[in-house]
Amino acid sequence: MEYSNDENLLDEGNFDREVIIKGLNDSQKEAVTSPLQNMLIVAGAGTGKTRVLVSRIAWLINVEGIYPRNILAVTFTNKAANEMRERIGQMVGNTAKTQLWASTFHSVCLRLLRSYAQYADLKPGFTVLDTDAQTALVRRIMKDKNMDTKDLKPSEVACRISSLKEKGIRALEFSKSMRSRTDVFFDEVSSVYTAYERLCNQENSVDFSELLLRTVELLERNDEIRNLQHRRFKEILIDEFQDTNSIQFKFAKLMTGPDSHVLVVGDDDQSIYGWRGADYTNMERFISEFPNVKQILLSLNYRSYQKILDMANTIINDNTDRLMKKVLKGNIGEGEDVEIINCATNSLETEFVGSTIRMLKDQGEKLSDIAILYRNNYLSLGFEQKLTQRNIPFIIYGGQKFFERAEILDALAYLRILVNEDDDTAVLRIINVPARKIGPKVVADLRAISSERHCSILKAIALLEFYANSENADKALKTLYKKVEPFYSLIKELKAFKKNAPLSKLTQHMLSVTGLNDFYQAKDEKEGRSSEGNSRFGNLGVLVSNVKDFEEALNNQSLSEGEVLENALTFDDPLLTYLSNITLVSTGELNEDGSNGAPVCDAVNMMTIHSSKGLEFKYVFLVGFESGILPSSRSEGNCSEERRLAYVGITRAKKQLYITYARARNIFGNTQISGASQFLRDIVRKYNESDSKPYIIRKA
DNA sequence: ATGTTCCTTCTTTTT
DNA sequence: GAAGGAACAT
């Protein structure tokens, strides 16, 4: 954010209509310059959809004269939101950039809920439960109900609660719903859901899906707040619309006023999150439920050579449930054959990929132009080894996230308590971490008090302190208090410290006085973790520097006339601001080592096909293209989503695509013989007669 | 209350 | 083949 005023002036209003539409093709132009109205843009892979979206926003501001603060742009990841904001800033200037809301569904909802907390029955510092905390809470409930956690796992119940919420179904409604004969666990899920809802309210916590559901209910119920949004957001733009679920659709509808317009961009062929509740038929629903929707199709692909696109077109053509059939047409020429590599074993496959990448590097290619894409995370291991052997650096995206590591969650739990003292989930996580002789018995006693008094655990301890110190105190209470006293003093001390200390000092102080630093340092030693990414203690250090960076950004921000922080979530309390941001901004934003920003050196990209969506690479290795893996053996009923996944993988490649498969693969110790994916066999069958095939099959 | 050992699990994961 | 639970022993 170090722009001088002069640059700012140069920036402003530099893009008039000619500049905005320069270089766009006809359908792109139509999308960008269309008069204000509801629009559905169907954008095939690589057809310049982000560019259209950004140009449209620039057009709205500079040509239509819409105020940036009246525009809401919704994306699915924070990364996408930030990117969009940056690009808009470049086109229309930084003032506009900061006034525009560009964020994820969840961030928008969190913002609304924080501002209208009281109207949504929430107390100001409410906690946003991440998946881990949500599961912990469900596990606690199931344990309390003496449920068997073997047949029905807490994580599964948590998942089902989330998907119910995503359909807008509350516990009460669910309990009254028709008992489906197929659902053997109906009673269990229903009773856990009911308790879960009650506890979340008591603990002043909301989970990810609750952010949406609570906001939707608030908007439905409260005319005033809803009208306020209608007056504010005149133009709403939603990216990746094929990935919206039903609550998000509802949210979009509620946010749209009678004189507002919504523009959605999506590609039904790239819908790969159906298993999470995403419903690409929302694109059809949009046409029928929003008035006068103008439809625009983008199918000119700027990314890949035609042979790659032919492969993609052929695969996706087999899907019978497509909303709009589109054929990707490129404009940069035929290109090289797609190479299909038939490998005898998975180690020959990894060997092939390793040596080919070595060759590309020797030819002077940048490693960052190369990607290895796989269906399952566990497939990455072999490639890691082969690349390491050849001294080729790589970055693995995904896998365990920094903010999902146990040590980080512990540290954050301590911090959460300081913002939301009702957060029992956080308290229970760390009340005995590091071990301070508070075992199940003590915890059970504390929880007995808290449920008797209908209060949080910390409140229960406060009550306990009062009674234990009163004159004719019960002996049992006294001993109980003695056991939790050190923990309670610790929390009191941290609370007092927080009042006068900046965020980073507080974090450092917390890590040392709680004993987390020592605890994890000792643990590292015992487990022989010393390398950089491996050390848990080291990760705590990374957390401190992350907090420091954040604090600095926050301070710089407040210096420049109260501008809103780029991530668009600021609250009075810096700690609350930090926590709010990391729970919704954490994943994928940090590198493996916890640093943010560009990787240290040129490296091969490794990731799942899912996480490659929206990205492109000059060279793509699509590996493990076998039956049982792609399509996954677990997705029997839903082959078309797997086919779309293959389609997404193929369309990531710009110049050269390698598809590899192993006839025999070692998985978890035992060898499986599966052979080429049916998708591949379908393609080969189709081109069998033809003498111009877009691919060549080789043996490795 | 805590340390040990066995046993299960092993898609994908924007928030 | 490794990691996280759960059950069991100390």
Side-chain angles (χ1 to χ4, degrees), chain A residues 74-82 103-110 128-132 134-136 139 143 148-151 153-156 159 162 165-166 206-212 239-240 242-245 247-248 270-278 373-382 397-401 403-406 432-443 483 526-527 569 580-589 607-615 624 628-636 638 641-642 644-646 648-649 666-670:
Chain A
V74 186
T75 60
F76 271 81
T77 65
N78 291 288
K79 206 171 150 211
N82 291 335
S103 54
T104 63
F105 278 104
H106 291 83
S107 295
V108 177
C109 291
L110 178 57
V128 178
L129 297 173
D130 57 33
T131 316
D132 199 275
Q134 183 191 22
T135 310
R139 178 177 293 118
K143 285 265 155 82
D148 181 26
T149 52
K150 239 180 184 168
D151 288 346
K153 277 174 288 182
S155 56
E156 203 203 316
C159 218
S162 279
K165 288 189 184 188
E166 276 157 18
V206 296
D207 60 35
F208 287 141
S209 358
E210 183 72 28
L211 284 171
L212 265 303
D239 197 6
E240 307 275 16
Q242 77 282 351
D243 287 336
T244 51
N245 59 32
I247 198 83
Q248 286 161 338
Q270 291 186 75
S271 157
I272 52 176
Y273 288 102
W275 52 276
R276 273 178 66 145
L373 308 181
Y374 34 81
R375 176 66 177 83
N376 305 335
N377 274 312
Y378 65 75
L379 289 171
S380 71
L381 205 79
Y397 293 86
Q400 200 188 19
K401 309 287 184 335
F403 283 100
E404 286 167 12
R405 291 166 191 266
N432 199 32
V433 178
R436 45 176 79 92
K437 298 188 189 300
I438 300 178
K441 179 75 177 67
V442 176
V443 171
K483 285 185 180 155
K526 215 164 75 184
E527 292 170 2
L569 278 168
S580 297
N581 276 280
I582 55 152
T583 30
L584 294 182
V585 181
S586 57
T587 41
E589 303 277 288
M607 68 192 83
T608 61
I609 306 173
H610 278 92
S611 36
S612 75
K613 199 177 67 163
L615 305 176
I629 293 181
L630 187 65
S632 163
S633 51
R634 299 205 170 200
S635 66
E636 291 153 16
N638 198 359
E641 180 148 316
E642 296 289 310
R644 291 193 291 270
L645 197 51
V648 168
N666 224 308
I667 300 175
F668 305 127
N670 35 344

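The sequence lines fix the lettering, A, B, ..., with proteins before strands; numbering per chain opens at 1. Heavy-atom basis, side chains included; hydrogens, waters and symmetry copies ignored.
For V206(A), the side-chain contact (heavy atoms from CB on, under 4.5 Å) partners two or more places apart in sequence, or in a different chain, are L122(A), F126(A), V128(A), E210(A), L211(A), R214(A). With sequence neighbours left out, T104(A) forms a side-chain hydrogen bond (donor to acceptor under 3.5 Å, both in side chains) with S107(A). With sequence neighbours excluded, the residues forming a salt bridge (Lys or Arg N to Asp or Glu O under 4.0 Å) with K441(A) are D445(A), listed by chain and number. The side-chain contact (heavy atoms from CB on, under 4.5 Å) test applied to N245(A) returns E166(A), I247(A), Q248(A), not counting sequence neighbours. By the side-chain hydrogen bond (donor to acceptor under 3.5 Å, both in side chains) test, T135(A) pairs with no residue at all, sequence neighbours left out. Under the side-chain hydrogen bond (donor to acceptor under 3.5 Å, both in side chains) criterion, N432(A) pairs with no residue, sequence neighbours left out. Looking at residues two or more places apart in sequence or on another chain, you find a salt bridge (Lys or Arg N to Asp or Glu O under 4.0 Å) between D132(A) and R429(A).
In this structure, F208(A) and H106(A) have perpendicular ring planes: the angle between them is above 60°, well past the 30° mark.
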Grab the N/O contacts between the protein and nucleotides 2-5 of chain B below 3.5 Å, and write none if there aren't any.
from: dT2(B); atom 1: OP1; to: K437(A); atom 2: N; distance (Å): 3.4
from: dT2(B); atom 1: OP2; to: N432(A); atom 2: ND2; distance (Å): 3.0

Heteroatom pairs (N/O) under 3.5 angstrom, protein to nucleotides 5-10 of chain C:
none

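Here dT13(B) is the nucleotide among dT14(B), dT13(B), dT11(B) with the atom lying nearest to any side-chain atom of H610(A). Closest to the side chain of D243(A), out of dT14(B), dT13(B), dT11(B), is dT14(B). Between dT13(B), dA1(B), dT11(B), one nucleotide has an atom nearer to the side chain of W275(A) than all others, and that is dT13(B).
Between T608(A) and dT13(B), a side-chain N or O to OP1/OP2 separation shorter than 4.0 Å is present. An OP1 or OP2 oxygen of dT11(B) is reached within less than 4.0 angstrom by no side-chain nitrogen or oxygen of S633(A). The side chain of N377(A) places an N or O atom within less than 4.0 Å of a non-bridging phosphate oxygen (OP1 or OP2) of dT12(B).
dA2(C) atom P lies 18 Å from atom CG of N376(A), rounded to whole Å.
S209(A) comes within 4.0 angstrom of no nucleic acid atom, judged by non-hydrogen atoms across all strands.
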